[in-house]
Each structure stands twice: as C-alpha cells, then as structure tokens.
*Asks:* 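Just passing along the structure, written as structure tokens.
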Number of protein chains: 2
Amino acid sequence: MDEKTVSKFIESWGTMGSVWGINASMARIHALLIVSERPLSLDHIAKTLRISRGNASMCLKELRNWGVVRLVKEPGDRQDYYVTEPDVWKMFFAIARERKRREFDPVLTVVRETLSPLHKGASDIVRLRLKQMEDLLTTLNFIAERSLTNDKRARSVLSFLSRFVRKKNLKE
Amino acid sequence: MDEKTVSKFIESWGTMGSVWGINASMARIHALLIVSERPLSLDHIAKTLRISRGNASMCLKELRNWGVVRLVKEPGDRQDYYVTEPDVWKMFFAIARERKRREFDPVLTVVRETLSPLHKGASDIVRLRLKQMEDLLTTLNFIAERSLTNDKRARSVLSFLSRFVRKKNLKE
DNA sequence: TTCTTAATTCAGTACATTCTAAATGTATCA
DNA sequence: TGATACATTTAGAATGTACTGAATTAAGAA
C-alpha cells in the first residue's frame with residue numbers, strides 16, 4: 001500500500017469523523033488501525049500520526065468506550081496493542097447508538113417537558129407547530145430506538161430502507 | 001404562555017441545535033420564532049435573547065440560507081420581520097439536505113478517491129474492511145440522496161420506516 | 001522490595017468557533 | 001440632497017474544544 005495514499009486516506013477519514021461528531025484524532029487513529037493488518041502499540045500510533053502519547057491514550061480510551069477498537073495483549077510484552085473492531089458496520093451503529101444516548105436523549109427529555117405546558121395558552125398556529133415538533137422528535141426517536149437495539153436489526157433496517165428508496169425512485 | 005416555560009423551551013432547543021449541528025444562537029432564534037404567532041423584528045429578537053444585533057443578523061441570514069425562516073416586510077415599516085417556515089418537518093429535511101451537501105458530500109468524494117487505490121497491495125483482511133467501508137458509505141449516501149430529493153418523499157420514507165421498525169419489533 | 005517501562009491523568013496552552021460592538025452600507029423620507 | 005433608521009460586515013474579544021508534555025500511577029521484572 002502506497003505510503004502517501006494511506007496518509008491521504010487517514011486525513012480524509014479524520015475530516016469525515018468531524019462530520020458525524022467524533023473528533024479528528026479519534027477518527028485518524030481509527031483509520032490507521034483499519035489499514036493496519038496487525039495490532040499497533042500506543043507508541044507506534046502516536047509517532048505515526050504525530051500526536052502526543054497523552055492524546056493518543058485518551059482517544060483510544062474513548063474509542064474503546066464506543067466499542068470501536070479493542071485492546072490486545074501480546075505475551076511477554078508490556079505494551080498494549082490495539083486493533084479495530086473488524087466489522088465496520090457494527091462500528092458505525094455503535095457510534096450512532098452512543099451519540100443518541102449521550103446527546104439526543106437528554107435534550108429530548110427537556111424539550112418534551114417544556115412542549116406540553118406550552119400548549120396551554122398558545123394560538124392555534126403555534127400549537128400546530130409544537131404538535132409537529134413533538135411528532136417529529138417522537139418519530140425520529142422511535143426509529144432510532146428500535147433500529148439500534150442490536151446490530152443485526154440495524155443492518156436489516158438499512159438494507160430494507162435502501163431497497164425502499166430505490167423502488168420509490170423507479171415509480172416516480 | 002408562561003414566560004419561564006418559553007425561555008426553558010428556547011434554551012433546550014438551543015442545545016438540541018448543537019446536537020444536530022447548527023449553533024445555539026441559530027437554534028434559539030428559531031425556537032423563539034416557533035413560539036411567536038407574529039413576525040418578529042431583528043431588534044426584538046436580539047433584545048429578547050440578549051444577543052448582539054450583529055450576531056442576530058448573521059444567524060438570521062444563515063437560517064434563511066437553510067430555508068428555515070423567511071423575511072416578511074410590513075408596508076410603511078422599514079424594519080425586516082422574520083417568521084419561521086410553518087412546516088417543521090419540511091424544515092428538518094431542509095437542514096438534513098443542506099448538511100449532507102455542505103459537509104458529507106465533499107468528504108465522501110475524497111474518501112472514495114483514496115479507498116480504491118488502497119485495495120492494491122492490501123491483505124485480505126484489510127481489503128475486506130475497505131470494501132465494507134465503501135459499501136457503508138455508498139448505502140448511507142444512496143439512502144440520503146434518494147430520501148431527500150423532495151419533502152414529500154422524505155416524509156413518506158420516514159413514515160414507512162416508522163411502520164417497518166414497529167412491525168420488526170412485534171415479530172422478535 | 002525496588003527498578004523499569006509503559007499508560008494515564010491533568011494543568012496549562014494552542015487553536016477554533018462564536019459573539020460583540022463599532023464601522024460601514026443601504027434605503028427611505030423630508 | 002442630507003438626515004435618519006435600519007441592516008450588514010468585520011476586527012478583535014470571549015468563550016469553548018482539543019492537544020501537549022510533565023507529573024503521576026500502575027504493573028511486570030529483577
């Protein structure tokens with residue numbers, strides 16, 4: 001594999017990371033592990049990506065929390081080695097699930113708490129908007145909730161959806 | 001409508017904004033317009049939310065770009081007044097569409113460009129991962145692309161999806 | 001136990017984003 | 001035309017986020 005292409009890949013995956021809300025260092029580490037056949041040590045990762053060992057350590061901890069990388073030990077070696085979770089899709093769902101839980105759910109609760117009392121004393125127009133917001137949030141939450149319960153289901157939802165939009169397209 | 005509840009709603013919608021990638025001021029302005037029956041002037045908005053007129057101006061410009069608010073003129077009045085797009089769902093799709101176009105699409109192009117040359121000289125294991133990444137990105141892009149072409153379709157995809165996951169849940 | 005090597009934590013720094021307020025631009029009115 | 005009333009732009013301040021590197025902790029080896 002060409003050195004230069006590998007690094008271009010790593011950088012672009014870093015940018016993609018920030019698109020869906022994980023920071024660039026995390027995504028770059030992840031990309032590096034994806035193109036590496038063998039487990040890599042923290043030291044190796046930090047050196048290759050020119051980031052501090054401290055930062056690498058924190059990112060890897062976080063990536064383990066997301067369920068995206070795994071730590072492997074080699075007998076007779078004190079260093080920790082890291083490998084990527086082999087299934088990329090599974091990984092994607094893990095991230096989606098985590099982000100929903102950490103960011104969406106808590107805010108959803110608060111928004112909902114305020115939405116219902118607002119209905120009182122609101123004009124019809126405003127009430128309609130609030131109702132729509134409530135429905136939108138409920139639908140999104142419902143879909144995410146049910147889709148992400150497990151990876152198998154998530155996958156089947158995605159593939160189904162993919163077929164559905166293709167069919168839709170032919171019709172119109 | 002209770003003053004206090006309104007402001008709690010505005011703040012929590014602000015937080016929700018940052019979850020899906022629009023900044024807090026923008027989301028707060030948006031929330032304020034949602035609970036307001038009548039169009040509001042820039043000055044009124046800035047005063048109510050305790051933000052500078054400059055900031056309000058920039059946020060409103062951006063919200064107009066997203067297709068989320070609209071400017072209305074009142075005859076015999078020099079001020080600009082703003083109203084929210086009445087259909088909350090439509091608005092949500094507009095945001096999704098814009099974010100995809102601005103952020104996801106450009107990165108997707110770059111990642112794809114690097115993915116294919118990487119295949120050469122990669123081990124089977126790595127090649128499998130790269131293939132999976134490609135498939136995942138393609139599927140996501142495909143779904144988003146097709147779903148978001150127009151609001152009517154987007155809505156039907158969502159409602160269909162919602163029914164699908166409900167059925168799935170009963171079965172298992 | 002102490003020595004050694006590696007991982008982790010964290011205070012401070014660098015960088016990025018968001019916001020303010022003053023300056024500038026624009027349209028309407030007298 | 002100049003004066004007025006508003007909107008917009010922008011330089012720099014404030015705030016927030018990510019990162020570094022030194023200090024600390026942990027754990028295997030002697």
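A, B, ... follow the sequence lines: proteins, then strands. Residue 1 opens every chain.
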*Asks:* Do other residues, nucleotides or ligands put more than 12 heavy atoms under 6.0 Å from Arg38(A) CZ?
*Replies:*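 Count not over threshold, so no.
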*Asks:* Crowded around Lys8(A) NZ? As in, over 12 foreign heavy atoms under 6.0 Å?
*Replies:*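 Result for NZ/Lys8(A): open.
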*Asks:* Roughly how many Å is it from CG in Leu60(B) to C1' in dT9(D), rounded to a whole number?
*Replies:*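 Atom CG in Leu60(B) sits about 15 Å away from atom C1' in dT9(D).
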*Asks:* Using a 4.0 Å cut-off on protein heavy atoms (strictly under), produce a 5'-to-3' string for nucleotides 25-30 of chain D with B for base contact, S for backbone-only sugar-phosphate contact, and - for none.
*Replies:* ---BS-
*Asks:* Using the rule side chain to side chain donor-acceptor pair (under 3.5 Å), only one of Asn150(B), Thr149(B), Asp151(B) pairs with Arg97(B); which is it?
*Replies:* Asp151(B)
*Asks:* Figure out the CG/C1' separation between Leu42(B) and dA5(D), and round it to whole Å.
*Replies:*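 Rounding to the nearest Å, CG of Leu42(B) and C1' of dA5(D) are 13 Å apart.
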*Asks:* May I ask you to say whether Asp77(B) pairs ionically with Lys73(B), meaning some side-chain N is under 4.0 Å from a carboxylate O?
*Replies:*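 No, Asp77(B) and Lys73(B) are not salt-bridged.
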*Asks:* In whole Å, I'd like the distance from the CD atom of Glu103(A) to the C1' atom of dT17(D).
*Replies:* 14 Å
*Asks:* Rounded off to whole Å, could you give me the CD1-to-C1' distance for the Ile51(B) and dT15(D) pair?
*Replies:* 16 Å
*Asks:* Can you measure Asn55(B) atom CG to dA13(D) atom P for me and round it to whole angstrom units?
*Replies:* 18 Å
*Asks:* Is the closest basic N to carboxylate O distance between Asp80(A) and Arg64(A) below 4.0 Å?
*Replies:*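 The answer is no: the pair does not qualify as a salt bridge.
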*Asks:* Counting only side-chain nitrogens and oxygens, does Lys61(B) get under 4.0 Å of the OP1 or OP2 atom of dT9(D)?
*Replies:* yes
*Asks:* Indicate, with a heavy-atom threshold strictly under 4.0 Å, whether Ser41(A) touches base, sugar-phosphate, or nothing.
*Replies:*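 If one applies the 4.0 Å heavy-atom cut-off, Ser41(A) turns out to touch nothing in the nucleic acid.
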*Asks:* dA7(D) C1' sits how many Å from Arg64(B) CZ, rounded?
*Replies:* 9 Å
*Asks:* Going 5' to 3' on DNA chain C, which nucleotide is the first and which the last to come under 4.0 Å of a heavy atom in chain B?
*Replies:*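 Nucleotide range with atoms under 4.0 Å of chain B: dT18(C) to dC29(C).
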*Asks:* Expressed in angstrom and rounded to an integer, what is the separation of Leu71(B) atom CG from dT8(D) atom C1'?
*Replies:* 13 Å
*Asks:* Remember a base hit wins even if backbone is also touched, and classify Asp80(B) as base, sugar-phosphate or nothing at under 4.0 Å, heavy atoms.
*Replies:*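 Touches sugar-phosphate only.
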*Asks:* Please report, rounded to the nearest Å, how far the P atom of dT8(D) is from the CD atom of Glu62(B).
*Replies:*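 Whole-Å distance recorded here is 13 Å.
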*Asks:* Is there a path of hydrophobic side-chain contacts, each under 4.5 Å between heavy atoms of I/L/V/M/F/W/Y residues, joining Leu40(B) to Met58(B)?
*Replies:* no
*Asks:* So does Ile125(A) have more than 12 non-hydrogen atoms from other groups sitting under 6.0 Å from CD1?
*Replies:*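 Not buried by this count: 12 neighbours or fewer within 6.0 Å.
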*Asks:* Can you tell me if Lys152(B) has over 12 outside heavy atoms packed within less than 6.0 Å of its NZ?
*Replies:* no
*Asks:* Regarding Arg102(B) and Glu62(B), does a basic nitrogen lie under 4.0 Å from an acidic carboxylate oxygen?
*Replies:* yes
